[in-house]
Undergrad: 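Below you will find the structure I want to go over with you.
Quantities reported herein were computed from a predicted structural model and do not represent experimental measurements. Start at 1 and go down the list; that is how both ligands and their atoms are numbered. Every heavy atom of this structure was used, including side-chain atoms; hydrogens, water molecules and symmetry mates were not.
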Amino acid sequence: MEKAIDLIQSSNSIILLSHKNPDGDAVGSVLGLAQGLESIGKKVKCFSKDVIPSVFDFLPSISQIENTIEPEHQDLIVLLDCALFSRTGIENIKDIVSSFDNLLIIDHHPKDKTECDRINNCVAVIDHKVSSTAVLTFNLLKGLNINITKNIANCLLTGIFTDTGGFQHNNTDPQSLQAAAEFMKKGSRIDKIAKNIFNTKSLAAIKLWGIALERIQNNPESGMAISYISKSDMDNLGVKEEELMGLVNVINTISDAKFSLLLTESADNKIKGSLRSEKYKGIDVSRIARSLGGGGHKLASGFEINSTDITKSIDEIRKAILKNKS
Ligand code: 5GP
Ligand code: MN
C-alpha cells in the first residue's frame, strides 16, 4: 500500500478503468477513487468499454465515466477490480498502455499472475481476502489522508454491498461491515442502495426471471443447477441483459444443487456464464470457470464463450463441466 500511495502522490494525470461488463464493485471503486483523487487536485479520467448498467445511474458522477479512450499521455493508469488487461475488453489497450508512465493494480481476485509480471513501473495492491475492491480503495484513500465525503461513501458502499450480495455472501466480514458503518456515518443509506440496485424491477424483467426459473435443470450427476436466457427471450419481453443481475443468486438457493450456472446470450454472438456456489457445498466454481477460459472467486465466477447457437453450447458446456469434474 505504501508504494501505491507514493505512486499516486507523484502522479498528476490519472486514468481509472475496470473490467468489461462492469459490476457494482467496478463502478463504485472507480467513481469513489476518482472523486477522492480529484479532491486532492489530481486530473482524473474514468473509462468503461461497456455501457454501465442503468441501476448505477443514481451514483454521484456516473456521467464522468467515458465510453471512448484516446491514447494520450497519462502519468498513471489504475486498473480496478481486475489484474489483467485482457479483462478490460479494450481492443487497443496496447496503444493506451504505451502512453502511460506507471500502472497501479487494485484487485481482490485470486490470481496466479498479474499485468505487473510483464510490465516495469507497476505496483499491485492485491488482497483476495477482502470482500471487494471497494474496501481496498477505501484503505488507499485513508492512506492518502483523503476526506471521505458522502458521495465517495455512496460509491464505495455500493461496491461492498454488491460484491457481498447485500452482506449475505460468505465474504461478508468485520472489515466490510466496519467500512459500511463509516460510510453510513457520512450519510450513505444501505436501504437506498438496495432499492436502486436489487429491489427495483420491471414487470417484464420479473417475467423473464420466471422463464429462467422454469427452465432450471438440476443434474444429480454433476450437482449443477443450470438455466439459460437467450437473446430472443430478452427481445420478446423487451428486457435488457443488465436486468438479469442477481438471477443466478436465486438459482443458487436450490439446496439440492452443489452449484449453479446461468448462461446468457448476448447480441454479439457471445454466451456469458455465471457460476455460484455456497461455502458449505465444498465446490470451487472458479476452477470450472477457468477450465472454460474465465475466472473469478471460489463461490462466484464467470466465463464468456463465442457461440451462435445457445442450445448447442449448453450441451457442450454441460459435457465440458462433467468431464472436468470427473
Ligand atoms: P458475474 O457472474 O457476476 O458476472 O461474475 C462473478 C465473478 O466472476 C466476478 O468476480 C467476476 O470478476 C468473475 N468473472 C465473470 N466473468 C468473467 C470472465 O469472463 N473472466 C474472468 N476472468 N472472470 C469473470
Ligand atoms: Mn469485485
Side-chain angles (χ1 to χ4, degrees), residues 17-33 48-50 52-53 55-56 79-89 105-115 125-138 155-166 169-173 175-176 179 197-198 212 226-229 241-252 259-264 266 268 270-277 284-307 317:
L17 56 109
S18 187
H19 54 79
K20 57 185 172 182
N21 302 321
D23 56 16
D25 194 26
V27 180
S29 298
V30 164
L31 289 177
L33 183 59
S48 171
K49 185 211 152 225
D50 291 330
I52 309 288
V55 290
F56 301 120
L79 204 54
L80 292 119
D81 205 36
C82 68
L84 291 171
F85 287 137
S86 54
R87 274 286 284 151
T88 66
I105 291 172
I106 306 172
D107 190 22
H108 71 126
H109 290 97
K111 270 277 164 295
D112 305 332
K113 54 182 181 349
T114 78
E115 220 55 67
V125 177
I126 297 186
D127 185 351
H128 68 88
K129 291 202 184 75
V130 301
S131 66
S132 50
T133 297
V135 165
L136 295 175
T137 307
F138 181 41
C155 294
L156 296 182
L157 185 54
T158 295
I160 299 176
F161 185 76
T162 50
D163 261 26
T164 57
H169 294 332
N170 174 264
N171 58 356
T172 307
D173 60 355
Q175 196 184 9
S176 306
I197 297 177
F198 292 154
I226 185 172
S227 189
Y228 71 94
I229 289 291
E241 196 177 329
E242 65 183 62
E243 293 179 85
L244 298 177
M245 196 173 81
L247 171 56
V248 68
N249 296 324
V250 177
I251 300 173
N252 195 42
F259 66 102
S260 48
L261 170 60
L262 175 69
L263 298 170
T264 310
S266 54
D268 48 357
K270 289 213 163 70
I271 291 178
K272 184 172 164 33
S274 280
L275 287 152
R276 297 288 187 275
S277 190
D284 176 355
V285 289
S286 70
R287 285 188 50 197
I288 300 171
R290 276 200 302 275
S291 74
L292 292 158
H297 309 279
K298 278 186 181 174
L299 301 178
S301 59
F303 61 87
E304 203 169 61
I305 57 162
N306 293 319
S307 163
I317 291 166

Undergrad: Nearest heavy atom to atom 24 (C) of ligand 1: which of Pro22, Gly246, Gly294, Gly295 does it belong to?
TA: Gly295
Undergrad: Using a plain distance cutoff, I'd like to know if Arg87 has any nitrogen or oxygen under 3.5 Å from a nitrogen or oxygen of ligand 1.
TA: yes
Undergrad: How far is atom 7 (C) of ligand 1 from the closest protein heavy atom, and which atom is that?
TA: Ala300 O, 3.4 Å
Undergrad: Between ligand 1 and Leu275, is the shortest N or O to N or O distance under 3.5 Å?
TA: no
Undergrad: Would you please classify the geometry between the His108 ring and the His297 ring as parallel, tilted or perpendicular, with 30° and 60° separating the classes?
TA: tilted
Undergrad: Report the C-alpha distance between Lys129 and Asp173 in whole Å, list the side-chain angles of each, state the deciding distance to 0.1 Å, and finish with yes or no for side-chain contact (heavy atoms from CB on, under 4.5 Å).
TA: CA-CA 10 Å; Lys129 291 202 184 75; Asp173 60 355; over 6 Å; no
Undergrad: Using atom types as modelled and distance alone, determine if a side-chain donor or acceptor of Ser301 lies under 3.5 Å from a backbone N or O of Val285.
TA: yes
Undergrad: Checking side-chain contact (heavy atoms from CB on, under 4.5 Å) for the pair Leu79/Leu17: CA distance, chi angles, key distance, verdict?
TA: CA-CA 5 Å; Leu79 204 54; Leu17 56 109; 3.3 Å; yes
Undergrad: I'd like to know if the Mn ion (ligand 2) has an N/O/S atom from Asp25 within less than 2.8 Å of it, counting both backbone and side-chain atoms.
TA: yes
Undergrad: Can you name the atoms of ligand 1, numbered from 1 with element, that are less than 4.0 Å from a heavy atom of Lys272?
TA: 4 (O), 15 (C), 16 (N)
Undergrad: For Arg276, is the nearest heavy atom under 4.0 Å from an atom of ligand 1?
TA: yes
Undergrad: Would you please say whether a donor-acceptor pair under 3.5 Å links the side chains of Asp50 and Ser48?
TA: no
Undergrad: Is the distance between the Mn ion (ligand 2) and the nearest N/O/S atom of His108 smaller than 2.8 Å?
TA: yes
Undergrad: Heavy atoms only: which of Ser274, Gly302, Ala289, Gly296 lies closest to atom 17 (C) of ligand 1?
TA: Gly302
Undergrad: Measure the OG-NE2 distance between Ser286 and His128 for me, rounded to the nearest 0.5 Å.
TA: 11.0 Å
Undergrad: Looking only at side chains, do His109 and Asp107 share a donor and an acceptor under 3.5 Å apart?
TA: yes
Undergrad: Got a sec: is Asp81 within less than 2.8 Å of the Mn ion (ligand 2) via an N/O/S atom?
TA: yes
Undergrad: Ser29 vs Asp81, test: side-chain contact (heavy atoms from CB on, under 4.5 Å). Steps then yes/no.
TA: CA-CA 8 Å; Ser29 298; Asp81 205 36; 5.7 Å; no
Undergrad: Looking only at N, O or S atoms, find the one in Asp163 nearest to the Mn ion (ligand 2) and name it.
TA: OD2
Undergrad: Does Leu156 reach the side chain of Thr137, with side-chain heavy atoms less than 4.5 Å apart?
TA: yes
Undergrad: Which atoms from ligand 1 have a heavy atom of His297 less than 4.0 Å away?
TA: 10 (O)
Undergrad: Quick one: does Gly293 get an N or O within less than 3.5 Å of an N or O on ligand 1?
TA: no
Undergrad: Any N or O on His19 sitting closer than 3.5 Å to an N or O of ligand 1?
TA: no
Undergrad: Determine, step by step, whether Ser260 and Val248 satisfy the side-chain contact (heavy atoms from CB on, under 4.5 Å) criterion, reporting the C-alpha distance in whole Å, the side-chain angles of both residues, the deciding distance to 0.1 Å, and the verdict.
TA: CA-CA 7 Å; Ser260 48; Val248 68; 4.2 Å; yes
Undergrad: Among protein heavy atoms, which lies nearest atom 10 (O) of ligand 1, and at what distance?
TA: His109 NE2, 3.0 Å
